[in-house]
Amino acid sequence: MSLIVQKYGGSSVADAASVRRVARRIVETKHAGHDVVVVVSAMGDSTDELLDLANQVSPSPPGRELDMLLTAGERISMAVLAMAIHDLGEEGRSYTGSQAGLITDSAHGAARIIDVTPGRIRHALADGAIPIVAGFQGVSYDSKDVTTLGRGGSDTTAVALAVALDADVCEIYTDVDGVFSADPRVVPAARQVPLIAHQEMLELAAAGAKVLHLRCVEYARRSHMPIHVRSSFSDRQGTWVVDLAQPLPDIVPISGGTVEQPIIAGVAHDLNDCKITVVGVPDRPGEAALIFTAVADAGVNVDMIVQNVSLEETGLTDVTFTCPVAERQHALDALAAVQEGIGFAGLRSDDGIAKISLVGAGMRSNPGVSATFFRALADAGINISMISTSEIRISVVTSKDAAGDAVRAVHTAFGLDADGEAVVYGGTGR
Ligand code: ADP
Ligand code: ASP
Ligand code: MG
């Protein structure tokens with residue numbers, strides 16, 4: 001008998017019929033002799049709809065109240081799922097994040113899990129019930145207020161619970177058959193990856209492949225928790241996200257030695273960044289430190305940075321960086337506040353950008369990967385405005401309009417195209 005944590009994403013529980021279908025799947029797992037703990041996301045696009053509502057009411061809703069509102073989405077899905085399980089003759093018992101022991105810091109909208117105390121979940125299992133936990137939410141240790149973990153955070157709830165309960169596997173059920181070599185909504189010829197190392201998945205998630213929440217992969221890597229990403233609409237094997245440096249656990253139906261890891265794991269794209277340029281910065285020591293201290297103090301996550309060569313006649317330079325669009329106004333406000341002190345000329349920002357990234361552990365030892373990448377973009381007539389690299393990733397910034405063509409061109413150039421078309425079972429891609 002295994003203990004399995006199953007997480008169902010919004011598209012898997014989009015309506016009443018889907019909730020009943022998922023309930024059948026959960027009950028089948030229990031009848032196969034396993035203990036099951038379920039984590040569920042809000043139904044369909046309801047989190048987006050709640051956000052739209054908040055923004056209609058107020059241009060800048062307080063974080064505490066926004067979290068209280070958004071957590072309502074998961075409260076609905078957990079309760080209806082428990083009802084559907086009752087109808088199948090098993091006892092589903094729903095729990096909010098707080099009741100399930102998901103303790104976080106107080107960073108509303110991006111809270112970090114600091115402890116998991118799932119006493120009530122263990123009791124429910126001991127009683128033979130199926131605990132259903134609301135994903136994406138917790139309770140602050142300090143303020144006791146309800147918090148959320150950031151968009152897509154139910155994946156992280158699931159892995160955190162799997163680790164705390166010492167589960168054998170954390171299954172993430174979504175609307176595609178697993179992790180693909182690119183987003184199947186953008187690249188129909190994307191190829192499903194049977195096995196991927198935590199480290200490569202981490203880079204893909206950080207580069208915008210939203211199939212898994214970044215923090216969930218970080219958590220799983222630290223705790224060596226295997227994740228099985230699969231579709232709730234089919235019975236196919238999905239993708240195993242595992243620690244490839246260790247022997248694979250018995251639950252993984254693939255023998256590690258027989259699977260040759262490809263050089264490239266995949267191509268990811270991110271449409272949620274913007275570009276900010278600090279114009280006319282005096283070219284003297286310490287200026288970059290002042291700029292990025294101001295931005296960091298505003299809680300803005302900077303990704304790529306480029307500094308132009310300064311013009312000899314003016315001694316001025318431009319510094320450009322990217323950050324999430326949602327943080328753009330904080331960054332601009334923070335910089336405007338230090339403009340006089342630093343003495344730069346002005347600020348420009350651009351939302352019409354996309355970040356395209358190529359990820360693969362084999363890039364370390366294969367020269368020519370960047371050349372092929374840039375050649376593919378050039379042949380497709382796509383202009384690059386920024387470049388950054390890490391050991392196993394290359395990222396470029398292009399215009400948003402060119403994103404789809406850029407991803408497809410790079411995917412083809414690295415020979416990743418499959419013969420058939422990837423299946424997208426549901427969801428709106430929102
Ligand atoms: P859920 O509601 O189940 O959490 P998400 O929308 O968060 O689902 O994540 C699943 C989606 O992630 C897919 O429908 C797909 O469009 C997108 N996606 C992006 N990159 C990838 C990738 N490399 N492999 C699979 N899916 C991806
Ligand atoms: N419902 C939340 C969201 O849409 C959390 C999740 O789906 O993981 O972001
Ligand atoms: Mg998700």
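Start at 1 and go down the list; that is how both ligands and their atoms are numbered.
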Exercise for the section: Would you mind checking if Asp48 and Arg151 are paired as a salt bridge, meaning a charged N to carboxylate O distance below 4.0 Å? Expected result: yes
Practice task
State, with a plain yes or no, whether a side-chain heavy atom of Val319 is found less than 4.5 Å away from one of Phe292.
Solution key: yes
Exercise for the section: For Ser106 and Ser143, test the side chains for any donor-to-acceptor distance below 3.5 angstrom and give the result as yes or no. Expected result: no
Problem - Contacts of Tyr425 that satisfy side-chain hydrogen bond (donor to acceptor under 3.5 Å, both in side chains) - sequence neighbours left out - result: Asp177
Problem - Distance from atom 6 (C) of ligand 2 to nearest protein heavy atom, with residue and atom - result: Ser154 OG, 3.4 Å
Practice task
For Asp52, check side-chain hydrogen bond (donor to acceptor under 3.5 Å, both in side chains) against everything at least two apart and list the hits.
Solution key: Arg430
Problem - Neighbour list for ligand 1 [protein residues, heavy atom under 4.0 Å] - result: Lys7, Gly9, Gly10, Ser11, Tyr173, Thr174, Asp175, Val176, Gly178, Val179, Phe180, Ala182, Asp183, Pro184, Arg185, Ala209, Lys210, Val211
Handout entry: Polar proximity ligand 2 side, Gly152 side, N/O cut 3.5 Å exclusive
Key = yes
Handout entry: Partner residues of Asp67 under the side-chain hydrogen bond (donor to acceptor under 3.5 Å, both in side chains) criterion, sequence neighbours left out
Key = His108, Thr148
Practice task
Determine whether any heavy atom of Gly10 lies closer than 4.0 Å to an atom of ligand 2.
Solution key: no
Exercise for the section: Answer yes or no: does atom NE2 of His86 have more than 12 heavy-atom neighbours from other residues, nucleotides or ligands under 6.0 Å? Expected result: yes
Problem - Close N or O approach (Glu74, ligand 2; < 3.5 Å) - result: yes
Handout entry: atom 4 (O) of ligand 2 [closest protein heavy-atom partner, distance rounded to 0.1 Å]
Key = Arg151 NH2, 2.9 Å
Handout entry: Protein contact of atom 5 (C) of ligand 2 - nearest heavy atom, named by residue and atom, plus distance
Key = Phe136 CG, 3.4 Å
Practice task
Heavy-atom contacts with Ser41 under 4.0 Å: which atoms of ligand 2 show up? List them by number with element.
Solution key: 6 (C), 7 (O), 8 (O)
Practice task
Nearest 0.5 Å please: distance from the CG atom of Asp303 over to the OG1 atom of Thr322.
Solution key: 4.0 Å
Problem - side chain to side chain contact (heavy atoms under 4.5 Å, CB included) assessment of Val116 paired with Leu102 - result: CA-CA 5 Å; Val116 185; Leu102 270 293; 4.3 Å; yes
